[in-house]
2 protein chains.
Amino acid sequence: MPPPSAPVSPPRARVSARRQATRSRVLDAASEVFAERGFHGATVEEICERAGFTRGAFYSNFSSKDDLVIHLSTRQAEAVIERITAAARTEASPEAVLGAVFAALADEPGRHERSVLLTTEFTLHAIRDAGARRAWAAQQRRIREALVWVVDDAITSRDITLPMTTDQFVRVAMALTQGSMTQRLIEPGALERGELEQVVLPVLLGVSP
Amino acid sequence: MPPPSAPVSPPRARVSARRQATRSRVLDAASEVFAERGFHGATVEEICERAGFTRGAFYSNFSSKDDLVIHLSTRQAEAVIERITAAARTEASPEAVLGAVFAALADEPGRHERSVLLTTEFTLHAIRDAGARRAWAAQQRRIREALVWVVDDAITSRDITLPMTTDQFVRVAMALTQGSMTQRLIEPGALERGELEQVVLPVLLGVSP
DNA sequence: CGTATCGGATACATACTTGTATCGTGAACA
DNA sequence: TGTTCACGATACAAGTATGTATCCGATACG
């Protein structure tokens, strides 16, 4: 047995910066490839290639492809929450805040709607894999909670009453952005970005246009 | 050149009943397996096995897996349109008709929400494959047209004005059912079936509850 | 009743993918 | 400056997929 008071070896760093960087590059590449090819269509090989590594690096950082998806979905959900809270921090009118939140929920600007594609991909994968389902459901819940918080804040400060519970409103908003953006990927021009905020949002808020 | 007036050979049947039956069984099996495993995850082998055939039968009826998806998505869209028009034919009140149409759009009863899963799967595949995209976009358009027709009929006979164009309304409805049912697959109990018709629909119709 | 052909089975060639086991190199620490 | 170990590369072992080429039996027709 090892000497009790001698810390076996405080490793060079908790997790070295280098390791962190490779993980990040692999995750970036993975988000591209998953969006382009889907979970099964994406190969570990292509992900590593695009990240500039070989599969050796991959299996040194992730235990499997499924493991990678868990990490990736977590990171993506955190990014969404980040965008939501950032949009909420702007000192604009409550309506503007809600619009911005809608937009933030939809996708990262300039990313060619990759994020919503990934979300769909994660969801489908989660339907089929129990581990991924637990993880993804937790992430979705975090996103919903962030949204409920923001929406509650916005509507009380504007002193309006939603025609449904805030939770329902948030779920509807999420389903709607998800569904409409997916549609737009096969039929550009269908239900444009702005229409959701300008046409549907007021109706859902119960505000006469 | 063949003698003009002698029809070369009116084949046994345009397409023999037996062939038709096999194709149908394969399509049924395919809709199960695609829903369970996704496009890439589904193997031709498993589809055939479940249909009670070997791959020989498959490649004798379809030229490839992609070809199968095209046929399957067409069949599925036709089923949806069938359900929609059937729901519209009921001589109920316009509100009831719209509710029924919503429900019909969502899924085939008793099919464990397989249809909406397939729809998502088709959509994702269509995003990535040009051929599938053309076919699926056409099917989606047909569904929308059927919906616009029904909705227009229902609202004029009830003499109300939508707070948006009928086309927008229909797109919103489709995005919403699609998105919410997908959510429900990973988190049962989220935005229940009835809530859409009873809570959201009236709001979208611009009717005070 | 013989026969052509259709429909499906079998067998095969080929290509890919995942994951493991092993090895080498360079950075950080004593 | 020597040494160790972390990190990533290389090589390998299976397993699995698609699609093709060929074969065989049943069915419909003359």
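Residue numbers begin at 1 in each chain, while the letters A, B, ... track the order of the sequences.
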Given [options], identify the nucleotide with an atom nearest to the side chain of [X].
{"X": "A/T54", "options": "D/dA9, D/dG19, D/dC7", "result": "D/dA9"}
{"X": "B/S16", "options": "C/dG8, C/dG7, C/dG19", "result": "C/dG7"}
{"X": "A/R55", "options": "C/dG19, C/dG8, D/dC7", "result": "C/dG19"}
{"X": "A/K65", "options": "D/dT18, C/dG19, C/dA9", "result": "C/dG19"}
{"X": "B/S64", "options": "D/dG19, C/dT17, D/dT18", "result": "D/dG19"}
{"X": "A/Y59", "options": "C/dG19, C/dG7, D/dG8", "result": "C/dG19"}

Would you kindly give the [atom1]-to-[atom2] distance between [X] and [N], to the nearest whole Å?
{"X": "A/L68", "N": "C/dT17", "atom1": "CG", "atom2": "P", "answer": "16 Å"}
{"X": "A/R23", "N": "D/dA6", "atom1": "CZ", "atom2": "C1'", "answer": "14 Å"}
{"X": "A/F58", "N": "C/dT20", "atom1": "CZ", "atom2": "P", "answer": "11 Å"}
{"X": "A/F53", "N": "D/dA9", "atom1": "CZ", "atom2": "P", "answer": "7 Å"}
{"X": "B/R18", "N": "D/dA26", "atom1": "CZ", "atom2": "P", "answer": "10 Å"}
{"X": "B/R37", "N": "D/dT16", "atom1": "CZ", "atom2": "C1'", "answer": "14 Å"}
{"X": "A/R19", "N": "D/dC5", "atom1": "CZ", "atom2": "P", "answer": "16 Å"}

* To do: Check whether any side-chain N or O of A/N61 sits under 4.0 Å from OP1 or OP2 of D/dC7, and answer yes or no.
  =>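 Checking D/dC7 against A/N61, no side-chain N or O comes under 4.0 Å of OP1 or OP2.
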
* To do: Look at the rings of B/F102 and B/F169 and say which category their plane angle falls in: under 30° parallel, 30 to 60° tilted, over 60° perpendicular.
  =>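 The arrangement is perpendicular - the two ring planes meet at more than 60°.
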
* In terms of ring plane angle, is the pair B/F39 and B/F34 parallel, tilted or perpendicular, where the classes change at 30° and 60°? -> parallel

* **Audit row: A/S31, A/Q76, side-chain hydrogen bond (donor to acceptor under 3.5 Å, both in side chains) steps and yes/no** => CA-CA 9 Å; A/S31 88; A/Q76 208 236 4; over 6 Å; no

* B/D129 side-chain N/O to B/H125 backbone N/O, donor-acceptor pair under 3.5 Å ->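 Side chain of B/D129 to backbone of B/H125: no pair is present.
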
